[in-house]
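Notes to accompany the following structure.
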Amino acid sequence: MQIDKHTDRLRFFSDLYQNAKNQLSEVSDKLRRHYEQYKGSDLIDGSTERASAVRNITYEIVESQVNSDIPAPKVEAKRYSLRHDRNATDIERLLAKIRDELPFEELNDIDERYTYIFGGSIWLVEWDSDKEDARERGGVRVSCISPTDFFPQPHIYRIEDMEYCFLRFTTTREELSRRYGVTQAEANLAATEETDACRGEEDTVTVVVCFWRDEAGEVSRFVWSGDAVLSDIEHYYGRKKCACRVCGKPVEFCTCETPRPTLSDEEEEVLTHDILLEDGTVILAKTPVFSENSDGVVREIPTRVPYYRPKCFPIVIRKNTSSASDLLGQSDCEFIRPEQQQINKIESRIMQKLMRSGITPLVPEDATVTLNNAVFGQVIRLRPGESAASYGTVDTTPNISQDIAQAERLYEHAKRIIGISDAYQGLDTARGESGYSRQIRIQQAAGRLESKRRMKYTAYAAIDRLIFSYYLAYADEPRHVTYTDSFGVKHASTFNRYDFLEYDPAEGRYYYDDGYLFSVDLSGGPEQQREEMWEKNLKNLQAGTLGDPADPATLLRYWQNQERAHYPFARENVTYFFDMIKRKEREKNGQAEQEILVSDQRDNPSVDGIAPVGRPHPLHSGVVGLAGQDTGAH
């Protein structure tokens, strides 16, 4: 998308945003109806009359599908080598650390509901340069956004093919000053859109963010609120330096009378020190260059490496189930809306019948009814000689069994449409069948939902790739990562972006190798189905698949597996059995050394404890030569 430099950019992007909103008004209305349906709306399509009773099967079906599992990252190199495989492992460990640091549990909880209600969810992945601790500067910030606040380019159904898209946020005027550095006067120019999030609030404002591509395909960003321009960054992913437009020097070294600071992109990094890579190789800060004019003369020039720059929008869309002509997927609310509407009508009819029903008394015209009995509420007094047979009742209670049966039938229809069974919902399904048969039915029902899980895995893989690209571009310091190996032992590792540098001898330059394949670990990892994993580990122990259940080494392996599955107090048991095995090994080795010493002294008596010729002393770590001298091979 090309913008003339003389264009009023605020007016240009405001008009573009309004056009996108108008083009997508039908989609926005549909998303609003989906959310109201999930919340239990009493509206009846095609009627001004509202339902008097709502049975919210939409909420029940959506909540039945919410999955709290967070997919574990999996990374593979496109070209296998020991270095590429090690780098892929470092990426996995970094992503696992970020999973723990960021509130992914909360984000996943929001994402699950957005996906089933609206047909998809919007993930925004950004680099936050303000995040820092004692050793590391910068980090990623991940947000899950409602599709009602996302406005894509009309009639384009892949985020990769868009020239622009918009995100809408609600914040305060004070936050504008803190985050974007605008003055109070500029913040007062911010305005509020009439949205559900900020309706009636005076201090809240609506911020609109536009990500767009220039004619070279580079991503840029424009942010505004009302008449206030908050940020305008071309080449959003580029490294920026602030220099004087007059002298070209950095602003802090400028001596001009009237400096004209401007932001420009830094394309290359000049190394100031040698870089030691994980495989032991070194990228020298000075590159030797042979002079063409003098034979054998070598001079050194500073080594330059390019900065990595991502190419895609910082947005990932998770779909529910794919649709050919929709940016989002297909909403569950849309498919079960007819059943929800019919059930609301039937439940309203049942309520009307019950409200009009009752038992009407029949009494003589001159009967006396006293309302002074605290226990029964009323007393009917019979006249002397009068029979109780002259009194009676008329039962006007309607038969609602058919209404209930039809409502349940529609409910079953809705569940079958989505692929939800009673067993999947955890309801009582005792039908005289074996546990194996019930397990098969649950698996078949879950299989119908597999495409939704695959879409979730695809979205998380795209999020991981974005995070990786940010760390390649901006993580100047090595990132320290702690991981646990297969034996339950914790180790320290690092992610260093320089480990991904490759040298092209034909071009004579360095480049970053980002050729890695991202997916998720389908085994689920220890975070998924913990209780099931605990039971499986116990069964493996009892079955002897880990070894002799009475052997401390087997018990150590069992508790290591339980620790990886986050079994409570497993760490203490691992330490206990590990110390037990080490103690027994020391005792066994001490006894063996003592037996060897006694045997040697009995068979080959020596003087002053010196071992016989040709045999090393059992308590000596070196090798004893023929003359009884230590060779120093320690």
Side-chain angles (χ1 to χ4, degrees), residues 1-17 19-20 122-129 138 140-143 150-154 156-167 180 207-224 229-243 245 248 261-270 304-317 327 462-476 497 500-502 504 507 509-516 518:
M1 185 170 67
Q2 190 171 3
I3 305 176
D4 188 87
K5 62 180 181 179
H6 301 295
T7 302
D8 183 346
R9 297 170 76 88
L10 177 59
R11 176 73 176 273
F12 176 83
F13 284 106
S14 297
D15 292 344
L16 200 64
Y17 170 59
N19 177 68
I122 311 299
W123 289 77
L124 176 63
V125 185
E126 301 175 287
W127 180 262
D128 186 359
S129 57
V140 292
R141 180 173 57 199
V142 182
S143 308
F150 177 66
F151 301 93
Q153 182 179 0
I156 304 297
Y157 304 119
R158 296 179 70 248
I159 190 72
E160 298 85 358
D161 299 334
M162 292 182 185
E163 292 295 315
Y164 61 87
C165 62
F166 299 91
L167 291 172
Y180 298 101
V207 177
V208 183
V209 180
C210 177
F211 293 103
W212 59 281
R213 299 184 190 273
D214 61 13
E215 59 273 14
E218 295 282 350
V219 176
S220 301
R221 189 188 73 171
F222 187 84
V223 186
W224 80 96
V229 176
L230 306 177
S231 176
D232 185 4
I233 302 177
E234 293 193 5
H235 299 169
Y236 174 62
Y237 292 125
R239 294 268 190 148
K240 305 297 182 182
K241 63 178 180 181
C242 188
R245 188 179 301 177
T262 182
L263 287 177
S264 59
D265 293 339
E266 286 188 291
E267 301 294 339
E268 292 181 323
E269 173 186 10
V270 179
R304 296 176 177 271
V305 297
Y307 283 118
Y308 182 82
R309 187 178 292 184
K311 297 294 184 182
C312 59
F313 285 145
I315 294 172
V316 174
I317 298 178
L327 178 66
I463 292 170
D464 290 340
R465 169 163 282 284
L466 258 179
I467 293 174
F468 166 62
S469 67
Y470 287 152
Y471 275 86
L472 273 189
Y474 309 118
D476 292 334
R497 66 184 176 93
F500 297 85
L501 275 174
E502 302 278 353
D504 185 355
E507 298 288 338
R509 63 180 181 86
Y510 286 95
Y511 67 94
Y512 279 97
D513 177 22
D514 60 356
Y516 293 85
F518 290 80

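Along the sequence shown, residues are numbered consecutively beginning with 1.
Note that CZ of Phe222 and CG of Leu230 are 8.5 Å apart. Values are rounded to the nearest 0.5 Å. One finds the CG atom of Leu466 at 5.0 Å from the OH atom of Tyr470 (value rounded to the nearest 0.5 Å). If you take CG on Leu472 and CG on Asp514, they are separated by 7.0 Å, rounding to the nearest 0.5 Å. Once rounded to the nearest 0.5 Å, the distance linking CD1 of Ile467 with CH2 of Trp127 reads 10.5 Å. Taking CG from Asp8 and CD1 from Ile3, the interatomic distance works out to 11.0 Å, rounded to the nearest 0.5 Å. Atom CD1 of Ile159 sits about 9.5 Å away from atom SG of Cys312, to the nearest 0.5 Å.
Partners of Asp504 according to the salt bridge (charged side-chain N to carboxylate O under 4.0 Å, His left out) rule, which considers only residues two or more places apart in sequence or in another chain, do not exist here. Every residue two or more places apart in sequence or in another chain was checked for a side chain to side chain donor-acceptor pair (under 3.5 Å) with Asp128, and none qualifies. For Glu269, the salt bridge (charged side-chain N to carboxylate O under 4.0 Å, His left out) partners two or more places apart in sequence, or in a different chain, are Arg497. Take Glu267 and apply the side chain to side chain donor-acceptor pair (under 3.5 Å) test, not counting sequence neighbours, and it matches Arg309. Evaluation of the side chain to side chain donor-acceptor pair (under 3.5 Å) rule for Tyr510 yields no partner, not counting sequence neighbours.
Two residues are said to be in side-chain contact when any heavy atoms from C-beta on lie closer than 4.5 Å; Phe150 and Leu327 meet this criterion. Looking at heavy atoms from C-beta onward, Leu124 lies out of side-chain contact with Val142 at the 4.5 angstrom threshold. Tyr237 has its side chain out of reach of Tyr308: every pair of non-hydrogen atoms, C-beta onward, lies at least 4.5 Å apart. Within the 4.5 Å cutoff, side-chain heavy atoms of Tyr512 are placed close to those of Leu501.
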| task | For the pair Asp232 and Arg9, evaluate side-chain contact (heavy atoms from CB on, under 4.5 Å) and give the outcome as yes or no after the intermediate values. | result | CA-CA 9 Å; Asp232 185 4; Arg9 297 170 76 88; 2.7 Å; yes
| task | Could you walk me through whether Ile122 and Ile317 pass side-chain contact (heavy atoms from CB on, under 4.5 Å), step by step? | result | CA-CA 5 Å; Ile122 311 299; Ile317 298 178; 3.8 Å; yes
| query | Taking it one step at a time, do Arg221 and Glu126 satisfy side-chain contact (heavy atoms from CB on, under 4.5 Å)? | reply | CA-CA 12 Å; Arg221 189 188 73 171; Glu126 301 175 287; 4.2 Å; yes
| request: Given side-chain contact (heavy atoms from CB on, under 4.5 Å), test Leu16 with Glu163 step by step and report yes or no. | output: CA-CA 12 Å; Leu16 200 64; Glu163 292 295 315; over 6 Å; no
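A ring-centre distance under 6.0 Å is found for Phe166 and Tyr164. Aromatic ring centroids of Phe500 and Tyr516 lie under 6.0 Å apart.
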Report, one line per pair, each donor and acceptor closer than 3.5 Å where one atom sits in a side chain of residues 210-218; sequence neighbours left out.
{"residue": "Arg213", "atom": "NE", "partner": "Met162", "partner atom": "O", "Å": "3.2"}
{"residue": "Arg213", "atom": "NH1", "partner": "Lys311", "partner atom": "O", "Å": "3.0"}
{"residue": "Asp214", "atom": "OD1", "partner": "Ala216", "partner atom": "N", "Å": "3.0"}
{"residue": "Asp214", "atom": "OD1", "partner": "Gly217", "partner atom": "N", "Å": "3.0"}
{"residue": "Asp214", "atom": "OD1", "partner": "Glu218", "partner atom": "N", "Å": "2.8"}
{"residue": "Asp214", "atom": "OD2", "partner": "His235", "partner atom": "NE2", "Å": "3.0"}
{"residue": "Glu218", "atom": "OE2", "partner": "Lys311", "partner atom": "NZ", "Å": "3.1"}

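For the pair Glu268 and Arg509, the salt-bridge criterion is not met [side-chain N within less than 4.0 Å of a carboxylate O]. Between Lys240 and Asp265 a salt bridge is recorded (basic side-chain N to carboxylate O distance below 4.0 Å).
Nearest heavy atom pair, residue Pro152 against residue Cys165, reads CA-CB, 4.1 Å.
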